[in-house]
Amino acid sequence: MTRSLGYLNGRFIQLSENVLPLEERGLQFSDSVYEVVKVYNGVPFTLPEHIERLNHSATSILLDLPIPSEKIMEIAKDGISQLNMDHGTVYIQITRGNADRNHEFPENSQENIIMIWKTGLAGLSGTISEGKSLITVPDERWSNCFIKSTCLLPNVIAKEKAVRNGFYEALFIRSGEIKECSSMNIFLVKDGIIKTPPADQSILNGITRQKVIEVAKRAGLVVLEVKLSMDDVEVSDEVFITSTTKEVVPVTKVDQFSIGDGKPGETYKLIHQLFSEAIEEECRAVIELQSD
Ligand code: PMP
């Protein structure tokens, strides 16, 4: 059974509590940024990287974090302890606060800091034997997808289209280039070389994406951050997608095209193994540190 805990502006609360006024800028304008961190064995994996990206997202929308990064990390860990969480997620959202509904920034509002902890997610998952499928959709999002803002309506609609048509995820295509999925980054493999779209302003630079690139390069694999099109997808030997909650997921079908031999490939299996080792390393390291 999933257990949960909430937090708002200094107070731990139940998720069912009515705590925010109706005129709230995150609610009315999606005027907010967020992060999702996965917890393994009670340890929030790559928490500093997530908080750094939260800072970057906040700065990019001219939003001040109401409390320092260190304090946010402390609260995240506090919630994990309070819930006695083994595996799960921590959701962190900062909004521009409560104010009368006007487009311009309010003069004296106080940012809201919201956190949600949920247990119930599996820990480190094994390799997936059945590849997943992607449906391509036009990228109708704005030009600043590097910001992890809660303006997620195009992502939500794209994912719904995927699900309604029997696909696992939706792949955004913009100006003939593949970009990313509704909530996951994408990698192609051709002749042993791993390729992924560059982390410019048009995609979210996933923390999992960065970790996968790091572990792959460390293992001696070639990773290229290059512009890619559906032509590249169609001739690729392997495709896999990544995110914090889903980790590394093999893809064997994109629209009507079957990828490689239609089964998850060896590069996926290797990346999955390397990524799992990175999680084990970091989580064990933190556990060892805490027990000193
Ligand atoms: N792209 C988008 C649009 C996302 O929402 C996510 C999930 N946050 C990702 C990529 C993957 O990012 P991460 O690995 O940091 O979870």
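Because the structure is a prediction, the values reported are computed rather than measured. Remember, it's 1-based here, ligands and their atoms both numbered in the order they're listed.
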Is it the case that ligand 1 has an N or O less than 3.5 angstrom from some N or O of E180? yes
Which of the atoms in ligand 1, numbered in the order shown and given with their element, are less than 4.0 Å from a heavy-atom of T244? 13 (P), 14 (O), 15 (O), 16 (O)
Between E225 and R209, is there a salt bridge with N-O shorter than 4.0 Å? yes
Among the heavy atoms of N185, does any lie under 4.0 Å from an atom of ligand 1? yes
Residue-ligand contact Q210/ligand 1, heavy atom below 4.0 Å: no
If you have a sec, work out which protein heavy atom is nearest atom 5 (O) of ligand 1 and how many Å separate them, to one decimal? S183 CA, 3.5 Å
How about E177 and S229: does a side-chain donor come under 3.5 Å of a side-chain acceptor? no
Enumerated ligand 1 atoms positioned under 4.0 Å from heavy atoms of T208: 13 (P), 14 (O)
With a cut-off of 4.0 Å, which atoms of ligand 1 are near a heavy atom of I207? 13 (P), 14 (O), 15 (O)
With a 3.5 Å cut-off and no angle check, do the side chains of E247 and T242 form a donor-acceptor pair? no
If we only count heavy atoms from C-beta on, is the L15 to I116 side-chain gap below 4.5 Å? yes
Do R96's NZ or CZ and the ring of F105 fall within the cation-pi criteria of under 6.0 Å and 45°? yes
Suppose I only count heavy atoms of S182 and a 4.0 Å limit; which atoms of ligand 1 are within that range? 3 (C), 5 (O)
Using a strict 4.0 Å cut-off to heavy atoms of G206, name the atoms of ligand 1 that fall inside it. 12 (O), 13 (P), 14 (O), 15 (O)
Can you find an N/O atom of N155 closer than 3.5 Å to an N/O atom of ligand 1? no
So if I count the atoms of ligand 1 from 1 in the order they appear, which ones are less than 4.0 Å from some heavy atom of K148? 5 (O), 7 (C), 8 (N)
Hey, any chance L5 and L121 share a hydrophobic cluster, counting ILVMFWY side chains that come within less than 4.5 Å of each other, even indirectly? no
Ion pair check, R141 and E180, cut-off under 4.0 Å: yes
Chi angles and distances behind the salt bridge (Lys or Arg N to Asp or Glu O under 4.0 Å) call for K190, E238: CA-CA 7 Å; K190 179 68 183 165; E238 292 184 45; over 6 Å; no
